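These numbers come from the heavy atoms of this one structure, side chains and all, not from hydrogens, waters or symmetry mates. Since the model is a prediction, treat every value here as computed from it, not as a measurement.
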Amino acid sequence: MLAWIAYLPLTWVHFAGAAVGWLAYALSPDYRRRVQENAALAGVAAADVRRAVAEAGRMSAEVPWLWFRPESRPLGKLVRWDSSPVVAAAVAAGRPLLFLTPHLGSFEVSARAYAERFGAQQPITVLYRPAKKAWLADIQATARQRPGMDVAPATLAGVRLMLRALKRGHSVGLLPDQVPPEGQGVWAPFFGRPAYTMTLAARLAQQTGAVLAVVWCERLPRGAGFVFHERPLGVSLPSLKDAGEAFDLQAASAINQAMEGLIREAPGQYLWGYNRYKPPRAAAPPTAPAPAAPPKVDA
């Protein structure tokens, strides 16, 4: 059934996905509360929250559509690129690229689109968190493998793979708003509330001299495809001479600030249901302010 979805028109996939998004919102009180609380914390309008509920469903439906899409059917003209030259310039100069992509729009498509356009010249390795179920973990690893695109699990071995890739002049992609394992992050503000934030992104950039690029794939309405947006990070990271807790906190805060700015540009495509403020095991969060009153969003 999953493989069959890959052959459906994107319009159908997005239509069904929006229905699934609203169904999940209506049937899961915990998910609904998390969406509303996270969106309220960021000051998101009710209309954007409603859109985000449908977009989350579309994102879920895109996963099998993309994973099982055969190599003979590339994304091609379904992806348009904005006019920023960050990625093309770095590839032309042979400089390693570190992509930072929040849970915004179709982040799965962004890596695939890059691999199709630049992977033969400069491959990309994408960080992912393996599923707990073995059968799903196997699908995750194999379905994401494509020419010019490799994957690295969110483990110590995966970090070594990414470091080697950057040192070879390749590209690496990760989601900096993903909650890292215990001991691999610091508590840094994200929309005004402490969130356990990975230190990996900044350390990879500072140790390898990689070009930092913020990218995301905007999902266009009515199945029209996607727009690949790219830009420099836009904030300065501290120097490695300040290595240690000071460096980690300053760098994580700067990256969170950049992600906030990007998310505010398209709040209706952010995954507000993601449990961003979840503490890793045995890592108690600092005292946080009371959450804002969520906007009323009817199912």
Side-chain angles (χ1 to χ4, degrees), residues 34-44 48-49 52 56 86 97-105 107 110 126-129 154 159 162 172-207 210-218 229-240 242-280 283-292:
R34 190 161 57 243
V35 168
Q36 292 182 353
E37 288 181 356
N38 289 348
L41 195 64
V44 178
D48 285 322
V49 179
V86 176
L97 270 162
L98 178 56
F99 292 114
L100 303 182
T101 306
H103 289 83
L104 182 69
F107 45 89
S110 60
V126 180
L127 181 71
Y128 78 102
R129 177 169 293 174
V159 171
M162 290 189 295
V172 160
L174 49 80
L175 279 68
D177 59 341
Q178 189 171 57
V179 179
E182 180 187 353
Q184 297 180 30
V186 293
W187 291 100
F190 186 69
F191 289 113
R193 180 178 175 183
Y196 200 62
T197 305
M198 67 168 61
T199 57
L200 175 63
R203 289 191 167 271
L204 284 175
Q206 297 290 46
Q207 290 176 19
V211 175
L212 273 170
V214 176
V215 304
W216 75 287
C217 260
E218 176 187 1
H229 297 284
E230 50 171 308
R231 66 187 65 174
L233 181 62
V235 297
S236 299
L237 296 182
S239 169
L240 258 185
D242 302 321
E245 291 185 7
F247 170 84
D248 289 336
L249 179 57
Q250 291 175 37
S253 298
I255 290 175
N256 277 355
Q257 179 186 342
M259 295 303 104
E260 286 181 24
L262 194 66
I263 292 163
R264 289 190 188 281
E265 293 180 20
Q269 294 209 19
Y270 188 62
L271 198 62
W272 295 108
Y274 178 62
N275 198 358
R276 179 65 185 92
Y277 302 100
K278 175 183 67 175
T287 303

Residue pair Tyr270 / Ala52: nearest heavy atoms and the distance that separates them: O-CB, 3.8 Å
Between NE2 on residue His229 and CD on residue Glu218, distance to nearest 0.5 Å: 4.0 Å
Sub-4.5 Å side-chain heavy-atom contact between Pro189 and Ser253: yes
Pairs where residues 255-264 contributes a residue and the test salt bridge (Lys or Arg N to Asp or Glu O under 4.0 Å) is met, not counting sequence neighbours: none
Results of side-chain hydrogen bond (donor to acceptor under 3.5 Å, both in side chains) for Asn38 - residues two or more places apart only: none
Residue list, side-chain hydrogen bond (donor to acceptor under 3.5 Å, both in side chains) with Gln178, at least two apart or on another chain: none
Note, Gln206 side chain near Phe247 side chain (heavy atom, < 4.5 Å): yes
Nearest-0.5 Å distance, SG of residue Cys217 to CD of residue Gln269: 10.0 Å
Set of residues satisfying side chain to side chain contact (heavy atoms under 4.5 Å, CB included) with respect to Ala56, sequence neighbours excluded: Tyr31, Leu271
Ala154: side chain to side chain contact (heavy atoms under 4.5 Å, CB included) partners, not counting sequence neighbours: Leu127
Pro176: side chain to side chain contact (heavy atoms under 4.5 Å, CB included) partners, not counting sequence neighbours: Leu100, Leu174, Ile255, Met259
Contact summary for Leu104 and Ala266, nearest pair of heavy atoms: CD1-O, 3.4 Å
Residues that Arg276 engages under side-chain hydrogen bond (donor to acceptor under 3.5 Å, both in side chains), provided they are two or more places apart: Thr197
ring-ring contact (aromatic ring centres under 6.0 Å, His included) partners for Phe99, two or more places apart: Tyr114
Contacts of type side chain to side chain contact (heavy atoms under 4.5 Å, CB included), residue Ala42, not counting sequence neighbours: Val44, Phe191, Trp272
Flag side-chain contact, heavy atom, 4.5 Å: Arg231 against Leu262: yes
Separation between CG of Asp248 and CD of Gln184, rounded to the nearest 0.5 Å: 11.5 Å
Side chain proximity check, Phe190 to Ile263, heavy atoms < 4.5 angstrom: yes
Leu200 vs Met162 side-chain heavy atoms within contact, under 4.5 Å: yes
Set of residues satisfying salt bridge (charged side-chain N to carboxylate O under 4.0 Å, His left out) with respect to Arg129, sequence neighbours excluded: none
Closest non-hydrogen atom pair, Tyr196 against Pro181: CE2-O, 3.5 Å
Contact summary for Asp177 and Pro102, nearest pair of heavy atoms: OD1-CA, 3.4 Å
Contacts of Gln257 that satisfy side-chain hydrogen bond (donor to acceptor under 3.5 Å, both in side chains) - sequence neighbours left out: none
Under the ring-ring contact (aromatic ring centres under 6.0 Å, His included) test, residues paired with Phe107 that sit two or more places apart: His103
